[in-house]
Number of protein chains: 2
Amino acid sequence: MTDRILSNIAKHIQLSEEETIVFTSLVVRKTVTKKTLILQADEDCRYLYYVHSGALRSYYIDKDGKESTIMFAIADWWITDMYCFLNRKPAMTYLETIEESTIFQISRPNFDLLLETVPKFERFFRILMQNAYTREQLRVMENLSLTAEERYHSFVRKYPQIARQVTKKQIASYLGITPEFLSTLRKPEI
Amino acid sequence: MTDRILSNIAKHIQLSEEETIVFTSLVVRKTVTKKTLILQADEDCRYLYYVHSGALRSYYIDKDGKESTIMFAIADWWITDMYCFLNRKPAMTYLETIEESTIFQISRPNFDLLLETVPKFERFFRILMQNAYTREQLRVMENLSLTAEERYHSFVRKYPQIARQVTKKQIASYLGITPEFLSTLRKPEI
DNA sequence: CAAATAACTTAAGGTACCTTAAGAGGGTGT
DNA sequence: ACACCCTCTTAAGGTACCTTAAGTTATTTG
């Protein structure tokens with residue numbers, strides 16, 4: 001059951017048998033039905049999540065009530081409201097399951113304990129954060145330089161599996177356009 | 001001369017005397033005149049930079065020749081084309097000095113060596129990457145939910161010093177709007 | 001210090017994308 | 001099996017922001 005999360009970690013660091021036991025003792029597995037809110041804005045963001053199976057979405061609701069999708073996480077992705085998890089601030093975003101999902105969660109105290117007792121994880125999370133950072137930076141670049149249509153095609157090319165698992169409305173809110181406009185963009189093709 | 005970069009590091013990790021010596025032996029100080037291109041697209045991105053004084057700007061030029069500012073870095077910031085530095089890919093972005101600047105550069109081999117010989121730096125760069133990631137994520141959120149005018153005010157509020165050091169045109173290209181439109185936004189006030 | 005160059009502004013006309021509305025199709029729950 | 005709700009689509013009218021152009025003020029350069 002922990003195979004997938006352990007091989008995710010093994011992509012970047014090698015754990016001894018004892019270190020593996022420490023790690024697995026600090027994470028908790030959970031299965032959550034579809035459309036469950038795992039985190040709500042203004043709540044304390046207590047966990048970092050690894051998606052074993054299923055799909056999650058984090059989104060922001062602005063002062064006008066408009067929803068913007070921050071990120072999707074399908075199998076083998078990590079997700080949470082990172083700023084609030086790391087800085088002990090109330091969450092700014094919502095996190096919900098798109099479909100029934102099995103996740104592993106690490107609480108903040110356990111996250112700190114993990115980094116203390118197995119410092120190798122500093123390296124693991126450095127690489128995770130590095131990748132997340134460069135991915136977000138690329139997204140900013142695309143938002144600044146591409147049209148809505150180009151961003152849609154880039155999204156589908158980059159994340160074909162996610163494009164299949166989520167609704168058009170959710171993709172539109174990730175791209176920063178209305179579902180109506182996405183619909184007109186998609187019409188010409190096929 | 002290395003005081004500022006060392007106290008930047010001391011914000012997150014404590015170095016012994018020997019570790020400090022290792023670190024300073026791996027970085028090189030440079031003073032660069034204004035408007036110097038430190039990195040160009042398609043070049044190999046060989047260095048990570050810390051800004052001791054002055055100001056740098058990284059930008060992207062898209063297929064239509066339009067320039068988008070990725071980030072500014074003033075005193076005490078780290079900057080490079082992170083994706084290309086870490087993944088040994090040709091640079092996607094340009095990096096230039098806005099004014100005469102003193103920087104410290106770390107080459108890729110020295111960066112790897114630093115992480116190997118002083119593993120504490122894994123923690124330092126984890127925190128650096130974490131902060132960069134959450135900052136970019138907030139920028140994506142603002143790009144998706146705020147109007148151009150709101151983004152401009154948010155930028156000035158968040159980075160008052162940068163707003164003073166760079167041109168309006170550069171701010172416009174960071175916000176994803178034209179200088180002409182920024183000008184009309186600024187007119188009503190004062 | 002002049003001359004060139006770049007930054008900033010103003011304004012008119014244009015376009016990418018939004019808002020509102022309404023209808024068709026597909027799940028979901030009772 | 002019906003009603004309900006949500007997604008997706010289409011279309012008409014609206015707006016935020018762009019393009020082009022031209023003038024003014026800084027800043028750089030010879």
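Order of the sequence lines fixes the chain letters, A, B, ..., with proteins taken first and strands second; residue numbering starts at 1 for each chain. Values below: all heavy atoms of this structure, side chains included; hydrogens, waters and symmetry mates excluded.
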Quiz: residues 172-181 of chain A side-chain donor-acceptor pairs under 3.5 angstrom, not counting sequence neighbours:
residue	atom	partner	partner atom	Å
A:Ser173	OG	A:Thr69	N	3.1
A:Ser173	OG	A:Thr69	OG1	2.5
A:Ser173	OG	A:Gln170	O	3.4
A:Thr178	OG1	A:Phe181	N	3.2

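- In terms of the side chain to side chain contact (heavy atoms under 4.5 Å, CB included) criterion, residue partners of A:Arg135 (sequence neighbours excluded) are, by chain and number, A:Trp77, A:Asn131, A:Ala132, A:Tyr159.
- In this structure, B:Arg57 places its CZ atom 13 Å from C1' of C:dA7, rounding to the nearest Å.
- The only member of B:Phe104, B:Tyr50, B:Phe111 that meets ring-ring contact (aromatic ring centres under 6.0 Å, His included) when paired with B:Trp78 is B:Tyr50.
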Inset, instruction - For each nucleotide in nucleotides 12-30 of chain C, reading 5' to 3', give B when a protein heavy atom comes within less than 4.0 Å of its base, S when such contact involves only the sugar-phosphate, and - otherwise. - result: -----BSBBB------S--

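- With sequence neighbours excluded, no residue satisfies salt bridge (charged side-chain N to carboxylate O under 4.0 Å, His left out) with A:Arg151.
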Dump every N/O contact between nucleotides 5-8 of chain D and the protein below 3.5 Å, one line per pair.
residue	atom	partner	partner atom	Å
D:dT7	OP2	A:Lys169	NZ	3.1
D:dC8	OP1	A:Lys168	N	3.1
D:dC8	OP2	A:Lys168	N	2.9
D:dC8	OP2	A:Lys169	N	2.9

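- Applying the salt bridge (charged side-chain N to carboxylate O under 4.0 Å, His left out) test to B:Glu100 and every residue at least two apart in sequence or in another chain returns nothing.
- Scored by the salt bridge (charged side-chain N to carboxylate O under 4.0 Å, His left out) test, A:Asp62 finds no partners at all (sequence neighbours excluded).
- Each end of the helix from C:dC1-D:dG30 to C:dT30-D:dA1 gets its own axis from five base pairs, and the two axes differ in direction by 60°, given to 10 degrees.
- Cluster note: A:Leu146 groups with no other residue, as no ILVMFWY side-chain heavy atom lies under 4.5 Å from it.
- With sequence neighbours excluded, no residue satisfies salt bridge (charged side-chain N to carboxylate O under 4.0 Å, His left out) with B:Lys35.
- In the hydrophobic clustering, where aliphatic and aromatic side chains (Ile, Leu, Val, Met, Phe, Trp, Tyr) are joined below 4.5 Å either directly or transitively, A:Met141 groups with A:Leu138, B:Tyr60, B:Ile70, B:Tyr83, B:Met92.
- Between the C1' atom of C:dA6 and the CD atom of B:Glu67 lies a distance of 13 Å, rounded to the nearest Å.
- B:Tyr59 forms part of a hydrophobic cluster together with B:Leu37, B:Ile61, B:Tyr94, judged by ILVMFWY side-chain heavy-atom separations under 4.5 Å.
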